[in-house]
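Throughout, a chain's letter reflects where its sequence line sits, starting with A, and its residues are numbered from 1.
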Amino acid sequence: LDLDTAKQELEEFIPHVRQMSDHSVRKMAGRDLMRFKQFKKQGIAIKFGRFSEKENNQIRKNIEEFLSITGIENAEKLLFTSRFPEERETIHRLKAEHLFCEKLSQGIPRAWRLIYYRARKMFDPNNYKGRYTKEEKEKLKKYHALHGNDWKKISEMMSRSNLSVAMKYSEIKSPIKYGRWSKKEIQRLMHAVEEVIVKRTEPEGANSRSSSKESHRNLLVDREKLLQKLPWTEIEAKVRTRYWRQCKQKWTSILTNKMTKGQQLYRGTNGLQAKINLIKRLYEMKVEDANEVNWGELSNIIGDVPRSYVQAKFHKLKVCYVPFWQKKTFSEIIDYLYEEKLPELEQKL
DNA sequence: AATTGGATACCGACAAGGCA
DNA sequence: TGCCTTGTCGGTATCCAATT
């Protein structure tokens with residue numbers, strides 16, 4: 001199968017296939033194309049984004065079955081074979097013999113690689129360890145000083161996953177401030193954001209003042225897009241006192257304020273109406289999993305606000321009004337809100 | 001003045017892309 | 001395949017202001 005044909009055939013399942021490296025496309029063609037076509041026959045679309053609870057359960061089931069077929073003791077041995085040098089050969093042989101790749105991805109309409117990584121996260125005993133203690137943070141800094149970016153080594157020393165230690169370190173590597181933002185910091189943030197936006201829309205050459213103002217105005221219209229794709233590490237460097245994720249979050253809240261012109265859209269009667277509308281719309285959508293919801297579409301319920309604002313509001317509704325929400329599925333939560341809470345809210349109106 | 005609930009901030013979990 | 005980096009999502013603790 002040559003590369004161009006592969007790209008062409010894959011395109012209907014993976015819209016961004018043209019931007020992928022040739023190497024990944026080849027891999028995907030070999031491992032996934034057949035599966036994708038099978039799913040298409042059954043009328044099932046290939047998915048992206050967060051895994052639904054259903055998919056997670058399917059992975060658990062697939063792993064469990066594979067373990068019982070091969071007699072491999074546990075998921076860690078299956079998914080982190082290199083941690084068990086003595087048994088490596090045997091496990092590899094069993095995986096090949098019993099078609100591990102195929103079995104793992106059974107019933108899940110996604111690229112194989114994504115499923116594999118999801119499974120590794122789920123079954124890594126070094127994952128899900130909760131917050132870092134002070135001592136752990138100190139240890140992490142010490143180990144990094146000794147071993148540099150050898151996250152694999154550090155993760156073993158700390159019994160945390162590679163991903164976890166790498167991310168935590170990037171947060172704590174330089175001293176940052178916590179707590180409320182000072183005026184100066186906010187100013188630096190706004191400046192930094194403006195700079196990267198102007199730089200982006202004005203590729204070298206066009207540098208006249210008027211065109212800069214012009215593009216600035218156009219960008220304000222296009223803010224939803226801008227909100228999502230700013231170079232936050234660059235901005236972090238310009239702000240200096242904050243970590244990039246703090247910057248991003250602060251920017252979102254500033255933007256929300258600007259968009260709502262400081263009105264309190266979610267207070268008093270407005271807020272009540274917004275809650276009611278939100279519940280109604282979600283109920284009407286009949287969606288089974290939270291990541292199928294198009295939150296951007298719902299934002300007009302509250303007003304001119306970013307998507308994340310609506311999501312946060314929904315979260316609040318859920319936590320405040322739905323008992324045992326952690327144990328309920330998304331549609332159960334929506335049903336509860338609609339049946340139990342909606343009448344109450346409407347009465348208050 | 002106390003209570004209550006919304007806003008804000010923190011940070012772990014996650015997806016996905018690149019490179020070797 | 002494995003590993004690292006960058007960017008997004010979501011749960012929770014805390015802060016603060018409106019309400020009683």
Next on the checklist: Nearest whole Å is fine: how far is dA15(B) C1' from Trp112(A) CH2?
Outcome noted: 16 Å
Next on the checklist: So, using side-chain contact (heavy atoms from CB on, under 4.5 Å) as the criterion, who are the partners of His191(A) when residues are at least two apart?
Outcome noted: none
Item to check | Whole-Å distance separating the CG atom of Leu79(A) from the P atom of dT1(C) | outcome: 11 Å
Checklist entry - Counting only side-chain N and O atoms of Trp151(A), is one of them less than 4.0 Å from OP1 or OP2 of dG2(C)? => result no
Checklist outcome for this item: Taking dT1(C), dC4(C), dG7(C) as options, the one with an atom nearest any side-chain atom of Trp244(A) is dG7(C)
Item to check | Partner residues of Ser164(A) under the side-chain contact (heavy atoms from CB on, under 4.5 Å) criterion, sequence neighbours left out | outcome: Tyr132(A), Arg160(A), Ser161(A)
Checklist outcome for this item: Rounded to whole Å, CG of Asp124(A) lies from P of dC3(C) at a distance of 11 Å
Item to check | Arg120(A) CZ to dC3(C) C1', straight-line distance once rounded to whole Å | outcome: 9 Å
Checklist entry - Pairing of DNA chain B as dot-bracket, 5' to 3': ( ) intra-strand, [ ] crossing, | other strand, . unpaired, with Watson-Crick or G-U pairs under 3.5 Å? => result ||||||||||||||||||||
Checklist entry - Nearest nucleotide by nearest heavy atom, which residue falls closer to the 5' end of DNA chain B, Arg113(A) or Asn56(A)? => result Asn56(A)
Checklist entry - Who else is in Met34(A)'s hydrophobic cluster (ILVMFWY, side-chain heavy atoms under 4.5 Å, direct or via others)? => result none
Next on the checklist: So, applying side chain to side chain contact (heavy atoms under 4.5 Å, CB included) with Thr81(A), which one of Glu89(A), Glu76(A), Lys95(A) is it?
Outcome noted: Lys95(A)
Item to check | Qualifying residues under side-chain hydrogen bond (donor to acceptor under 3.5 Å, both in side chains), relative to Asn57(A), sequence neighbours excluded | outcome: Arg60(A)
Checklist outcome for this item: Separation of dT1(C) atom C1' from Phe80(A) atom CZ, nearest Å, is 13 Å
Next on the checklist: If you compare every side-chain N and O of Arg242(A) against the phosphate oxygens of dA9(B) (OP1, OP2), does one of them come in below 4.0 Å?
Outcome noted: no
Item to check | Donor-acceptor pair (no angle test) under 3.5 Å: Tyr116(A) side chain, dG2(C) base | outcome: no
Checklist entry - Closer than 4.0 Å, any side-chain N/O of Arg110(A) to the OP1 or OP2 of dA15(B)? => result no
Checklist entry - In whole angstroms, how far is the P atom of dG2(C) from the CG atom of Leu114(A)? => result 15 Å
Checklist outcome for this item: Those residues at least two apart in sequence (or on a different chain) that pass salt bridge (charged side-chain N to carboxylate O under 4.0 Å, His left out) with Lys137(A) are none
Checklist entry - Hey, does the side chain of Asn62(A) reach the backbone of Gln106(A) with a donor-acceptor pair shorter than 3.5 angstrom? => result yes
Output a table of nitrogen or oxygen pairs between the protein and nucleotides 12-14 of chain B separated by less than 3.5 Å.
from	atom 1	to	atom 2	distance (Å)
dG12(B)	OP1	Tyr132(A)	N	3.4
dG12(B)	OP1	Lys168(A)	NZ	3.4
dG12(B)	OP2	Lys168(A)	NZ	3.1
dG12(B)	N7	Arg245(A)	NH1	3.0
dG12(B)	O6	Arg245(A)	NH1	2.7
dA13(B)	N6	Arg245(A)	NH1	3.4
dC14(B)	OP1	Tyr128(A)	OH	3.2
dC14(B)	OP2	Tyr128(A)	OH	2.6

Next on the checklist: Tell me the interatomic distance from Tyr243(A), atom OH, to dT5(C), atom C1', rounded to whole angstroms.
Outcome noted: 10 Å
Next on the checklist: Does a side-chain N or O of Lys250(A) approach OP1 or OP2 of dA9(B) to a distance below 4.0 Å, or not?
Outcome noted: yes
Checklist entry - Taking atom C1' of dT5(C) as reference, at what distance in whole Å does atom OH of Tyr117(A) sit? => result 13 Å
Checklist entry - Does Arg281(A) have any side-chain hydrogen bond (donor to acceptor under 3.5 Å, both in side chains) partners at least two apart in sequence or in another chain, and if so, which? => result none
Item to check | Which residues share a side-chain contact (heavy atoms from CB on, under 4.5 Å) with Glu138(A), sequence neighbours left out | outcome: none
Checklist entry - Aromatic rings Tyr116(A) and Trp112(A): how do their planes relate, parallel, tilted or perpendicular, breaks at 30° and 60°? => result parallel
